[in-house]
There are 2 protein chains.
Amino acid sequence: MSLPHAILTALLEKPSSGLELTRRFDRSIGYFWSSTHQQIYRELGKLEQAGYIRALPAPVPARGQKKEYEVLPAGREELAGWVDTAEDPKPLRSALLLRMRAAAVVGGRGLRAELERHLELHRRQLAEYREIEVRDFPPERRAAEPDRLRHLVLRGGIDLERFWVEWLTQALRELDGPGTATP
Amino acid sequence: MSLPHAILTALLEKPSSGLELTRRFDRSIGYFWSSTHQQIYRELGKLEQAGYIRALPAPVPARGQKKEYEVLPAGREELAGWVDTAEDPKPLRSALLLRMRAAAVVGGRGLRAELERHLELHRRQLAEYREIEVRDFPPERRAAEPDRLRHLVLRGGIDLERFWVEWLTQALRELDGPGTATP
DNA sequence: CTCTCCATGTAAGTGGTTACATGATTTC
DNA sequence: GAAATCATGTAACCACTTACATGGAGAG
């Protein structure tokens, strides 16, 4: 049950409408908890009904009309409680690793290309994160507590991408190693 | 749609019953594509109906009776086709990173303990993988193609766990860094 | 003859994805 | 006033999870 808490966090950082939330998910929170506008609207409805958030009074409440939400005290409490909750990490699920294992059994002529494609994707993601880092966390502002935590989270994303880039590079090198595979 | 292909791979490695599959998922394939027996039985039914696998003739076909499955040629083809399929990596979803981001907004007194708990869990997983590595991939058998690929997959799991261990260690150190937080 | 374990399932619920619907606002 | 875009939704589906059901075989 993480999506509602992701939304509460985003709304506490800044009250927003559904579409604004969607965009912010696309380029910030979504980097470690992605979502679509459909899911977000549905969840906003639930959160409002639960009394965790409320829609700011709008001049013309109607369909297709922008609706801004803000977090209520109950919502903040709910989020604070969730933060201190223990939850085991979800076991890894990687279709790429599974494909490699399958290739060990039935052979895989296209696997190499797929590894290269993933390598490129992870390289790009890594570059994007690094841009964000130099933009949002320049060396001077390392003191403030909220920024320290947000920076740690970003470093997590960066290090993860770096891990994939390194592993894929290594894997490709070993694929045409000693025995040399595909003709 | 990876589970059916995970099952096909496992069955090609060795024909098995549903429960045997479940156990093998628990200590091998499940390391990168976990599943439960309920899901596996359901999927076995679908795969059989699709003509990808068949139940080996049993002496007494009845409920509660062991049923062994093997992969049919159509199943092998299906799997070979899937291996050469392109599929983008799923975006990361980490409740722990989300919790850190939330803690930057509402504060988190219990977060430190949770980081330590995760660190311990990842340490244990890493140790388990390493045992498997020395047991299943001793230095001498590095030539054969199927083993090379399977070893690469295992290295992926190992490196990923090592990433988490390192990142969590780093994060904990920075949490009581210059500013020093929780008493 | 009961208890436990092996083995195969059924059913309900949840979270996420994909496809589609519809009203409002701006642009040409 | 037609087209594009902003904005909010509905509906159907799918994979996965959790809880429960049932039957057979061996141990005491």
Side-chain angles (χ1 to χ4, degrees), chain A residues 1-8 10-11 15-26 29-50 53-56 58-69 82 87-95 98, chain B residues 1-8 11 15-26 29-30 32-50 53-56 58-69 82 87-95 98:
Chain A
M1 279 258 301
S2 295
L3 178 58
H5 302 103
I7 292 178
L8 286 174
L11 285 182
S16 310
S17 69
L19 199 62
E20 277 165 11
L21 271 180
T22 304
R23 290 201 232 279
R24 290 173 55 204
F25 265 71
D26 279 346
I29 294 207
Y31 287 146
F32 45 91
W33 204 277
S34 61
S35 191
T36 59
H37 79 268
Q38 292 92 330
Q39 236 187 316
I40 287 171
Y41 283 120
R42 189 148 33 92
E43 210 57 51
L44 282 173
K46 284 189 203 167
L47 287 169
E48 187 175 22
Q49 232 184 341
I53 63 175
R54 66 160 190 153
L56 294 179
V60 190
R63 189 187 173 110
Q65 209 67 23
K66 198 166 142 179
K67 238 197 307 191
E68 287 240 311
Y69 290 94
W82 178 77
E87 192 182 349
D88 286 354
K90 289 247 161 135
L92 170 64
R93 267 207 184 135
S94 163
L98 186 55
Chain B
M1 280 261 299
S2 295
L3 179 58
H5 302 104
I7 292 178
L8 287 174
L11 285 182
S16 310
S17 68
L19 199 61
E20 277 165 12
L21 271 181
T22 305
R23 289 201 232 280
R24 291 173 55 203
F25 265 72
D26 280 347
I29 294 209
F32 45 90
W33 205 278
S34 61
S35 191
T36 60
H37 78 269
Q38 292 92 331
Q39 236 186 315
I40 286 171
Y41 283 121
R42 193 147 29 90
E43 210 59 50
L44 281 172
K46 284 190 204 167
L47 287 170
E48 188 176 21
Q49 229 183 344
I53 64 175
R54 65 160 190 154
L56 294 178
V60 191
R63 192 189 170 108
Q65 209 65 24
K66 198 165 141 178
K67 238 195 308 188
E68 286 240 314
Y69 290 94
W82 179 76
E87 192 181 350
D88 287 353
K90 288 244 162 136
L92 169 66
R93 269 209 182 130
S94 164
L98 186 55

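Just so we're on the same page: letters track the sequence lines, and every chain starts at 1. In this text, all values refer to a predicted model and were calculated from it rather than measured experimentally.
Summarising the geometry, the separation between CG on A/Asp26 and P on D/dC6 is reported as 13 Å, rounded to the nearest angstrom. Rounded to an integer number of Å, the gap from NZ of B/Lys46 to P of C/dG9 is 15 Å. In this structure, CD of B/Glu87 is placed 12 Å from P of D/dA15, rounded to the nearest angstrom. Atom CD of A/Glu48 is separated from atom C1' of D/dT8 by 13 Å (rounded to the nearest Å). Put simply, CG on A/Leu47 is 12 Å from P on C/dG15, counting in whole angstrom units. Atom-to-atom, CG of A/Leu44 to C1' of C/dG16 comes out at 16 Å; the value is rounded to the nearest Å. One can place CD of A/Gln39 at 9 Å from P of C/dG15, the figure rounded to the nearest angstrom. Taking atom NE2 of residue A/His37 and atom P of nucleotide D/dC6, one finds them 13 Å apart after rounding to whole Å.
Position along DNA chain C of the nearest nucleotide to B/Glu68 versus B/Arg93 favours B/Glu68 as the more 5'-ward residue.
Using a 4.5 Å heavy-atom cutoff, the side chains of B/Arg54 and B/Leu56 are in contact. A/Ile29 places none of its side-chain heavy atoms less than 4.5 Å from the side chain of A/Ile7. Looking only at side-chain heavy atoms (C-beta outward), B/Leu44 and B/Leu21 come within less than 4.5 Å of each other. Between A/Lys46 and A/Glu43 the shortest side-chain heavy-atom distance falls below 4.5 Å. Between B/Tyr41 and B/Leu19 there is a side-chain heavy-atom pair separated by less than 4.5 Å.
The base of C/dT14 does not come close enough to the side chain of A/Arg42 for any donor and acceptor atom to sit less than 3.5 Å apart.
Listed nucleotides D/dT8, D/dC16, C/dG15 differ in distance to A/Met1; the shortest reach to its side chain belongs to C/dG15.
Proximity of residues 15-24 of chain A to DNA chain D (heavy atom under 4.0 angstrom from any strand atom) is restricted to A/Ser17, A/Gly18, A/Leu19, A/Arg23.
Within the structure, every side-chain polar atom (N or O) of A/Trp33 is placed at least 4.0 Å from both OP1 and OP2 of C/dG15. Dashed line: the shortest gap from a side-chain N or O of B/Gln38 to OP1 or OP2 of D/dT18 is not under 4.0 Å. Residue B/Lys90 places none of its side-chain N or O atoms closer than 4.0 Å to OP1 or OP2 of C/dG16. Residue B/Tyr41 places at least one side-chain N or O closer than 4.0 Å to OP1 or OP2 of C/dT8. The phosphate of D/dG24 (OP1 or OP2) has no side-chain N or O of B/Lys66 nearer than 4.0 angstrom.
Contact detail for B/Ser34 and B/Phe25: the closest heavy-atom pair is C-CD2, 4.5 Å.
Remark: A/Ser16 pairs with A/Arg24 by the side-chain hydrogen bond (donor to acceptor under 3.5 Å, both in side chains) rule, at least two apart or across chains.
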